[in-house]
Amino acid sequence: MNAYVGAEKLPVAGDPEREELLRVDNVSLSFGGVKAITDISFDILKGEIRAIIGPNGAGKTSMLNVINGFYHPQEGTITWQGKVRRKMKPYEAASQGIARTFQNVALFKGMTTLDNIMSGRSLKMHKNFFWQLLWRGPAEREEIEHRRKVEDIIDFLEIQAIRKTPVGRLPYGLQKRVELGRALAMEPDLLLLDEPMAGMNLEEKEDMSRFIIDVNQEFGTTIALIEHDMGVVMDLSDRVVVLDYGKKIADGPPEEVQASQAVIDAYLGVSH
Amino acid sequence: MFYREAGQFKTSYEKDQALFPIRQDKIGLGVILLIAFVVIPLTANDFFLASIMIPFLVFSLAAIGLNVLTGFCGQLSLGTGAFMGVGAYAAYKLTTIFPDVNVILLVLTSGIFSAIVGAIFGLPSLRIKGLYLAVTTLAAQFFLEWCFIRIGWLYNYNASGAIEIPTREMLGVVISGAEATPLARYFVVLSITVVIAFLISNVLRGRIGRSWMMIRDMDIAAELMGIRPLQTKLMAFAVSSYICGVAGAMMVFFWLNAAEPSSYSITLSFQILFMVILGGLGSVGGAFMGAAFIWILPIVLRAIPSMLGVDIGAETVEHLAFMVIGALIIFFLIVEPHGFARLWQIAKQKLRVWPFPY
Amino acid sequence: MSTLELDRTDNKKSASAAQDSILRVNNIEVIYDHVILVLKGVSLTVPRGGIVALLGANGAGKTTTLKAVSNLLGAERGEVTKGKILFEGEEVQALSPNDLVRRGCIQVMEGRHCFGHLSIEENLLTGAYTRKDGAAAVKADLEMVYNYFPRLRERRNSQAGYTSGGEQQMCAIGRALMSRPKMILLDEPSMGLAPQLVEEIFEIVKQLNDNEGVSFLLAEQNTNVALRYATYGYILEAGRIVLDGDAKALRENEDVKEFYLGVGGEGRRSFKNVKHYKRRKRWLA
Amino acid sequence: QDSNYVPLLTYRTGPFAGSGIFIANGMNDYLQMLNERDGGIGGVPIEIEECETSYNAQKGVECYESTKGKGALVYNPYSTGITLQLIPKASVDKIPVLSVGYGLSAAAIGNVFPWVFNAPTTYWDGASVVVKYIGEQEGGMENLQGKKIGYIFLDAGFGREPIPLLEQLAETYGFELLQYPVPVAQMQSQSSQWLNVRRDRPDYMVMWGWGAMNPTAIKEAAKIRFPMEKFIGVWWSAGEDDAGAAGQDAAGYKAMNFSGVGTDFPAIQDIKTYLVDTGKTQTDEEMLGTTLYNRGVLNSVIIAEGIRTAQELTGKKVINGEDMRMGLEALNLTEERLAELGLSGFSYPIQITCEDHAGSHPVFIQEWDGERFVKISDWIEPMSDVVRPLLEAAAADYSEKNAPWPERSEACAQ
Amino acid sequence: MLYDIFVDPFVQMYQMPDFFLQVLWEGFVAGILYALIALGFVLIFKASGVFNFAQGIMVVFAGLTLVGLHENGVPAFLALILTIGVMGVLAYGIERVVMRPLVNQPDIILLMATIGLTYFLIGFGELIFGGEPKRMITEELGLPTGSTAFEFGERGLVILQHIDIAAAVIAILMVTALGIFFNKTRIGRALRAVADDHQAALSVGISLNQIWAIVWFAAGLVALATGIMWGARSDVSFALEIIAFKALPVLILGGFTSIPGAIIGGLIIGFGEKIAELYWGGLVGGGIESWFAYIIALIFLLFRPQGLFGEKIIERV
Ligand SMILES: Nc1ncnc2c1ncn2[C@@H]1O[C@H](COP(=O)(O)OP(=O)(O)OP(=O)(O)O)[C@@H](O)[C@H]1O
Ligand SMILES: Nc1ncnc2c1ncn2[C@@H]1O[C@H](COP(=O)(O)OP(=O)(O)OP(=O)(O)O)[C@@H](O)[C@H]1O
Ligand SMILES: [Mg+2]
Ligand SMILES: [Mg+2]
């Protein structure tokens, strides 16, 4: 399993030159009696791909929900771009530059692929209701300007053919891809990906990996990635946090994590 | 063979984003407008204009209004009738306060009042969702109906409790009141409906329309993408109520001539909801199809027995009409839950691949 | 159908074993919404006691095939317009989904589909809805499922809607096991599961297959594992079966290696190094 | 082609069907009987067409629009709501609206409402009769001083119509008027209203109810043990089914009426012979002679006599709406004429004039004895001296609010 | 003004305790009757996620069938049994023609279908039974009709109608029975599963057809009981259908899925609206009953969006 070819890593981990984008300090979250997250701290540096892994129900998705304001932790703080963040509404996270995809695809089912991705640009469009009524003129110009950007994303993700298809009818894998497109359209600083490759076959995972790497390298987008395919995690990520039962059991570069006995016991199982 | 889109390439995003990007559709729309503005006025009799076309257009507009809220923003409302009533009563009050102002202007202004009322009743939508919200919109329905009865000021303390429409002219033609000819009223209603339908289609294909659909399809995801749910929903309530309000005002000014609170009852709300759903949620064209079906079908059904020369009582016809309408509603829902608009699309798709089955 | 020598012989073999097939899908065609043609003549056979894998890219029609078998297409406005599906010699299209479950054919649907408002335990118990063999037997099976998935035992009283994706996936699989089926249609069982659990699931499949003779038809993206446990495989592309054969033979097949297993000439490729987007080679283009 | 066309707007469905069916049958049967027996009126058959409105204003207008083009002579909307819609249209389309004992009270002023007729009497007249009757019971109008009269009404145009008059009378005679509105949606659950009645302990209750409201109210009154003999309904709350729902408990309940009860009239017997016995009608025998059925008959009598008068005045056999209006305006249904029609005593003589479109106004009181209604009073004249000026003021107010209201083309002759 | 709102009503309650008791009783009875209609809604919603708009008309239909049969000479009890049969046939028909083809469709479509069904039943019912109101055969069915008056003090009087007491008893029995049936049996769990996800329920072998037929039949029985009780108070006529709207606030208050919720919601609404109408309604011209219930429900909902006992709406990504 360690026969990866060309898995050289950029030496980012702990690189002091990299700025810290987000830091989670001693966060705990529980629902009634269920402790989803217990006292977790880690950071995400600008420009890195940070993987979050762990067994099922470890609290990974909950962690993303905490980061973008959907859940409010009972304890702990979140520092975003150097500022400690107060309790906030989910829509504020979006305007601060956090975008995400969802574990259970959360596309807008009644809309076409194009509209779904356009919807990612909502925050960037400003023409008011009266311009929209008229359409001709500023509203149309704005729409076209953003449409261009969206078409770039569509080209990038190679989903031209399904541009006008309502997403509800797309197969699962393509839906995941559209969802990525929608998040990309937000031009986020931090992109949270929750199992982007679940339900894909190898070839599709390869495509998806490529997209993720490109986004990271070309646009410099920081990425937090949850994924169960260890191959992907090992190859793509710069650093990995491992959660188990809501607690952090390891944090570090992929090789290190992979070698950790705690991780093997809790997550990878014997065969890895 | 008849319906070929192939070969029509869209060379710019403008063209691709046009309301009717395909040539056949453009021609179709032109033909429909030609029929509406020229052919019908030239050929139709008063009954057709006054009892079929005018109500049909009024209902279409109301259905568009409700469609904005329910079809596009996903907030099910059963209070449409009352919001239409607010428009009607507001327009009536405005005509008594400003007797010299053009009624069309007043009708268009009256929508603002129902927009405000609609937005107020939209407030709970932040917390209450789905069918629960639908039932709470009934609160609006019954409360407003009660206001129309209890607040005498709204109907100028008429002993009858009803509002009656004064005669008003525009450009020397009487357009409201009993003396207005059906033709004049038809033109007014048609113009308002077409203009509003056009404007709202613009909104629906742009940023705002999209934000409504986002809320409809998955409100949590929409919120996580930066849509402010309350603001967006309230806007949908306001815009929808505006359109409904205008439709309600047109209903009394250019169709019924007089209205009682019961004209804006829950029955009306349901009627409009039917139109929206059978026409197709989230489709402006569907609103017209739905309105045509729900308004015209019963009239046709009632006419059938006498046309066939069968002698059955008026009430038996009515009962049968009820049964047939109920059955047809179920039938169409089964055939295509997405309404006539989708049926129409499927038909087009079949035409496109014709003569192959798929 | 296929161009491979190997497969032809295999086809013959399976044809001779046809009498002992638990499921036969015969040249079916499926249309959604009256206009969208998705399956264009798919045939496959699951021998009694076999584990058959259905592989293919996104949108190839795997889920559609499984739903056709369990007769759930109606709820999606899809229909089988041609061909026949026989489960134990009975035509599926004439049976209702619950008849099928009663006869021992159950599906684990793609995308979990747990009952959100029911607790995990209640979810599992709904799986035993059709059973008539008494509360004790059901209870024993419940224990069995909890032993397979200890995580579920911990969350037994939580509403399924609030549990994590993987927990829901376990719940969906466990629910199907609760019906004591003769045949399970598994749609992407490994989706969203942690690596050691993926192995575990397939171990369970194998165990049930060995010990109780349960047959499996599984649609799975994780080709690697699927072909390791399956006895036979079909590859579906754009609604057609393009390749089929013994699992072992498929594992050796160069194309399969290249596109589904990711073990090209020089061993395991890194995801990082996929420099250019690869165009999927289609057998039928 | 040679026929006089009379559309009938009826409702045999909807929440008010319970009352509407009786009316519809009565109206239909008398006209049809004339066709069967006399071959119509003046030798020309009447073409009758029913249009179902379900008591719904929209459908009512639709019925109007769809029938007016066929040469309709007169409209009977049987709904105050629909009447109000038709009033402005009538003068434009030149078709009279006949609202027999309902609709807009002010329409009695023929000078302002040349196209609207509400013979034989108006709600305001009726309300004044109730007060007068109560006064008589109390031994003189002066004894009304300090009394409490409760008014329970259907909260719609119909029920609210008499309120201005009642308020005026309350002021004049010093009684207290307590109002109990019943919303349409609450017609069948009136317990709150009647609890309020129980608390307020009014001396008399007056009811303006219709449809399902009536039986419910009478039952509720019985339930709170309101003395039935002090409970008086308008003529639309005078149906046998209304009181019958409470059976013996309703004994003593009173209602106003202006049309005969029973089948002891030759014309009604003719309906039986020509229609009921031959199965040419939907009416079954028990319905004949009931209050509301007979009301429908009276309605048709007015229509028929209007047509006959018009034929005489114009010399035409087939008349139009304008002729019909002339006919109605000159209608004089004397006692002799009623006798000729086989309806002696069926109604008080009705004379409509140009100024007074409500004809002559007296009504009588009938009482439910537990099984049927019995007439217990003579014809009681309304307080025309109070009512008429109020009607005139209301008519003036109406025309002002609806300015420009079309003037009558030719002023009343007298 | 302030005195009228905040003091006077309570003074009145204190001064006329008998009347207050009577108001409470009327509120109780009204609540029970609303709850009966709501119960029918709950049954179907619980079992399919369908908001059955036709429940109101089913009440009328059941009542009319019963009375209609009796009018045609069928003895009361036989008529009752036949009516139960008719409701069974109706349930089967609805399952077959409406529900089965619409499996797995969005809520609103199913809601619409039940409104379509309402139209159909109105037309059908009127065609067969005619539109005129009919008297409920209360005595023939052996239901008590009289009333008991408790007189105390000089003018103190509280009157209890026997039929209302019967209604309360029947309602409570029915709720208990249904509660046990749906919560303690295997079917109960299956029902909740169906309401969550039609397709998944099919996939685990729950027979939607059978379940729906059972539930619609149960709702039909509830409708029959409701029809008898309402009919005894007023008449059986199509105007009764409007009353079904009164059940909706009860429903949202109690929660769409809770059988006890229907009863408790019904009582809250019943008491609330009677007290409000009688002690405060006069201040704004009366008739507030038509919307007051909705306002109560709305206020409750703002605090608990799923109603008092409804299942929590799951929000998770
Ligand atoms: N309800 C539906 N309506 C219309 N088209 C559909 C529907 N469901 C699936 N399709 C179409 O059918 C095709 C096959 O879909 P299916 O879900 O069977 O693929 P799959 O092989 O299971 O893919 P995946 O691996 O992504 O799950 C896809 O192209 C999809 O767009
Ligand atoms: N809103 C909630 N209410 C109650 N429990 C919750 C809620 N959200 C999460 N949990 C619980 O918290 C735990 C962590 O859930 P989470 O979804 O974060 O897991 P995960 O790490 O993403 O797992 P998976 O890999 O299976 O997706 C689970 O046991 C889940 O049941
Ligand atoms: Mg997760
Ligand atoms: Mg699939």
Side-chain angles (χ1 to χ4, degrees), chain B residues 45-52 54-55 96 99 142 145-146 149-150 152 155-168 174 177-182 251-252 255-263 265-268 271 295 298-299 302-303 306 313-319 321-322, chain D residues 8 10-14 17 20-21 24 49-52 54-59 61-69 80-81 83-93 103-106 155-164 181 183-185 282 394 397-398 401-406:
Chain B
N45 64 7
D46 276 5
F47 172 70
F48 185 74
L49 285 177
S51 284
I52 294 187
I54 293 178
T96 46
F142 289 116
E145 241 182 271
W146 179 85
I149 295 175
R150 280 277 157 273
Y155 47 89
N156 288 347
Y157 301 99
N158 285 335
S160 56
I163 52 177
E164 278 146 47
I165 300 311
T167 305
R168 291 282 186 276
V174 183
E179 276 159 66
T181 60
M251 178 167 154
V252 53
W255 172 28
L256 293 175
N257 261 321
E260 295 182 288
S262 64
S263 310
S265 69
I266 181 84
T267 326
L268 181 64
Q271 236 173 348
W295 180 251
I299 297 182
R302 268 175 243 144
S306 64
E315 85 282 16
T316 316
V317 176
E318 184 72 13
H319 298 153
F322 255 89
Chain D
L8 300 176
T10 55
Y11 39 98
R12 294 165 183 275
T13 65
I21 291 172
E49 186 182 10
E50 264 194 59
C51 188
E52 171 70 37
S54 306
Y55 202 78
N56 169 323
Q58 278 175 24
K59 279 197 197 157
V61 172
E62 185 203 317
C63 280
Y64 174 82
E65 296 286 348
S66 69
T67 48
K68 79 173 187 202
T80 299
T83 312
L84 292 172
Q85 311 254 19
L86 298 190
I87 287 175
K89 293 185 198 279
S91 59
V92 177
D93 294 327
L104 191 66
S105 296
D155 203 358
F158 153 63
R160 274 195 304 267
E161 176 72 13
I163 293 178
V184 176
Q282 309 185 17
D397 184 49
Y398 181 97
K401 273 185 180 153
N402 289 282
W405 184 247

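The analysis underlying the following values was restricted to heavy atoms, covering all of them including side chains, and did not include hydrogens, waters or symmetry mates. Order of the sequence lines sets the chain letters (A, B, ...), proteins ahead of strands, with each chain counted from 1.
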A side-chain contact here means heavy atoms from C-beta on lying under 4.5 Å apart; do [X] and [Y] qualify?
X      : Y      : result
D:I21  : D:Q282 : no
B:F47  : D:K68  : no
D:L104 : D:T83  : no
B:P55  : D:Q58  : no

Output all residues satisfying salt bridge (charged side-chain N to carboxylate O under 4.0 Å, His left out) with D:R12, sequence neighbours left out; order by chain, then residue number.
B:E315, D:E50

Taking only residues two or more places apart in sequence, or in another chain, which ones meet B:D46 in a salt bridge (charged side-chain N to carboxylate O under 4.0 Å, His left out)?
none

Please state whether the side chain, the backbone, both or neither of D:S54 comes within less than 4.5 Å of a heavy atom of chain B.
side chain

Given heavy-atom pairs under 4.5 angstrom as the criterion, report whether the side chain, backbone, both or neither of [X] touches chain D.
X      : answer
B:F322 : side chain
B:W255 : both
B:E260 : side chain
B:I266 : neither
B:T167 : both

What option among B:L268, B:I299, B:T96, B:V317 has the most heavy-atom pairs under 4.5 Å with chain D?
B:I299

Most chain D-contacting option - heavy-atom pairs closer than 4.5 Å, from B:R168, B:R150, B:H319
B:R150

Residue among D:E161, D:E49, D:K89 with most heavy-atom pairs under 4.5 Å to chain B:
D:K89

Please rank D:C51, D:S66, D:P183 by heavy-atom pairs under 4.5 Å with chain B and give me the top one.
D:S66

Donor + acceptor pair across side chains of B:E164, D:Y398 (<3.5 Å):
yes

